[in-house]
Amino acid sequence: ANFLVPGLRVGDKIDVAVSRRSINPFMGDNYEDFADFGRGVRADRIHMRLTWHKKRTVKWYSGQKLARLDLSKSGEFNIAEGAIDNVRIEPMGFRAPTRLLREQMLQASTFADYPAIADWYGGKFEIAVKLDGDAELAGRIDAIIAQHVNPLARATAALALVQNEIRYTGNFEGLGNYQPDPALTVWRNRYGDCKGKTALLTAILRKMGISAVPALVSVKRNSGIETA
């Protein structure tokens with residue numbers, strides 16, 4: 001997008017203020033958001049301000065390369081605010097560990113910690129993993145059970161079924177970033193994103209009597225997952 005300023009000349013300074021309003025039905029009363037400066041920024045000043053009602057609990061983190069936020073109160077609202085001058089944040093290299101991005105981000109959330117996220121999101125998956133009413137898939141599951149006795153072999157065959165039959169297609173529209181598609185929908189569409197394919201695999205494993213629980217795993221925010 002182009003930001004056109006009538007009469008702008010070399011040497012002029014521009015003050016830019018941005019407000020963003022978002023509503024996410026999937027999140028319910030929960031909230032999370034971030035401002036990412038990891039792609040590099042040069043500014044005389046960055047002023048950051050978070051406000052929320054005093055009845056809510058919000059946690060935030062301001063990276064080491066950004067301003068320290070001080071907490072204050074104004075009427076019914078809490079305010080976390082800070083500014084940093086002469087900002088010169090260089091863009092991260094393409095192969096730099098993305099865990100370093102945390103120090104160039106302002107993050108805010110109503111979740112207390114990662115276990116709280118897991119408990120909340122796990123409930124969403126329990127809705128998505130319901131799997132009944134498809135004769136073809138039921139036959140494929142029965143065939144795997146008949147062919148393999150060992151649970152590990154069955155799990156491996158179930159993984160191969162999902163990998164080979166379901167192509168990955170990212171859904172980034174609307175609630176697609178958050179809401180897992182129902183397992184049966186993924187099977188019938190023959191495509192799904194990481195959440196949908198996980199829901200389908202979890203449902204198949206459970207039909208085989210194998211205990212299966214989806215897990216939220218970051219393969220980038222640290223240095224990566226070690227592989228043998």
Side-chain angles (χ1 to χ4, degrees), residues 20 22-34 36 98-99 101-102 105 107-148 150-227:
R20 182 173 61 184
S22 63
I23 299 176
N24 189 333
F26 182 76
M27 296 288 288
D29 292 333
N30 299 303
Y31 169 84
E32 62 82 26
D33 206 349
F34 63 92
D36 184 1
T98 52
R99 59 185 166 79
L101 285 173
R102 186 171 184 264
M105 295 172 62
Q107 305 173 75
S109 175
T110 55
F111 290 103
D113 48 31
Y114 281 104
I117 297 174
D119 290 342
W120 168 77
Y121 207 48
K124 304 296 184 180
F125 264 99
E126 287 304 314
I127 298 173
V129 298
K130 294 179 180 180
L131 191 63
D132 289 300
D134 191 280
E136 180 193 2
L137 180 56
R140 301 289 289 272
I141 294 174
D142 290 341
I144 292 175
I145 294 175
Q147 184 177 0
H148 303 283
N150 185 282
L152 179 58
R154 289 179 176 179
T156 302
L159 177 60
L161 175 64
V162 174
Q163 287 179 327
N164 295 333
E165 294 285 344
I166 310 300
R167 66 185 184 276
Y168 174 84
T169 302
N171 178 12
F172 307 113
E173 299 295 330
L175 301 181
N177 273 330
Y178 298 90
Q179 185 167 319
D181 290 325
L184 196 56
T185 299
V186 174
W187 173 256
R188 290 175 175 173
N189 287 342
R190 288 301 197 273
Y191 66 80
D193 61 8
C194 53
K195 301 180 298 299
K197 296 184 72 169
T198 297
L200 177 59
L201 178 59
T202 301
I204 293 173
L205 291 173
R206 290 183 180 181
K207 283 292 184 180
M208 295 178 177
I210 300 174
S211 177
V213 179
L216 291 171
V217 179
S218 172
V219 297
K220 293 183 178 180
R221 287 303 179 199
N222 293 312
S223 294
I225 295 179
E226 293 183 5
T227 57

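- Side-chain contact between K197 and W187 is absent, with no heavy-atom pair separated by less than 4.5 Å.
- Salt-bridge annotation for R188 and D181: absent, with no side-chain N of the basic residue lying under 4.0 Å from a carboxylate O of the acidic one.
- Atom OH of Y191 has 12 or fewer heavy atoms from other residues, nucleotides or ligands within 6.0 Å.
- Between T169 and R167, some side-chain heavy-atom pair lies under the 4.5 Å cut-off.
- Using a 4.5 Å heavy-atom threshold, the side chains of E165 and L200 count as separate.
- Under the 3.5 Å distance criterion, the side-chain polar atoms of R140 are left unmatched by any main-chain donor or acceptor of L161.
- Close placement of the W120 and F26 rings is indicated, their centers lying within 6.0 Å of each other.
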Applying salt bridge (charged side-chain N to carboxylate O under 4.0 Å, His left out) to D142 and K207, what does each step give before you reach the verdict? CA-CA 9 Å; D142 290 341; K207 283 292 184 180; over 6 Å; no
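- Taking CD of E32 as the start and CD1 of I117 as the end, the distance is 8.0 Å to the nearest 0.5 Å.
- The line from CD1 of I144 to CE of M208 is 3.5 Å long, rounded to the nearest 0.5 Å.
- Put simply, OG1 on T202 and NZ on K195 are 13.5 Å apart, with the number rounded to the nearest 0.5 Å.
- Taking 4.5 Å as the limit, every side-chain heavy atom of K124 sits out of range of all side-chain heavy atoms of Q179.
- The shortest heavy-atom contact between A203 and A183 is CB-CB, 4.0 Å.
- Using a 4.5 Å cut-off on side-chain heavy atoms (C-beta onward), V162 and I204 make contact.
- Rounding to the nearest 0.5 angstrom, the gap separating the CG atom in D33 from the OG atom in S109 is 10.0 Å.
- With a 4.5 Å cut-off on side-chain heavy atoms, Y121 and L216 count as touching.
- Proximity of R154 to I210: side-chain heavy atoms (C-beta onward) are separated by under 4.5 Å at one or more points.
- We find the CG-CG distance between L131 and L205 to be 11.0 Å, quoted to the nearest 0.5 Å.
- Of all heavy-atom pairs between D134 and L137, the closest is OD1-N, 2.8 Å.
- Counting heavy atoms from C-beta outward, D29 and T110 have side chains that stay 4.5 Å or more apart.
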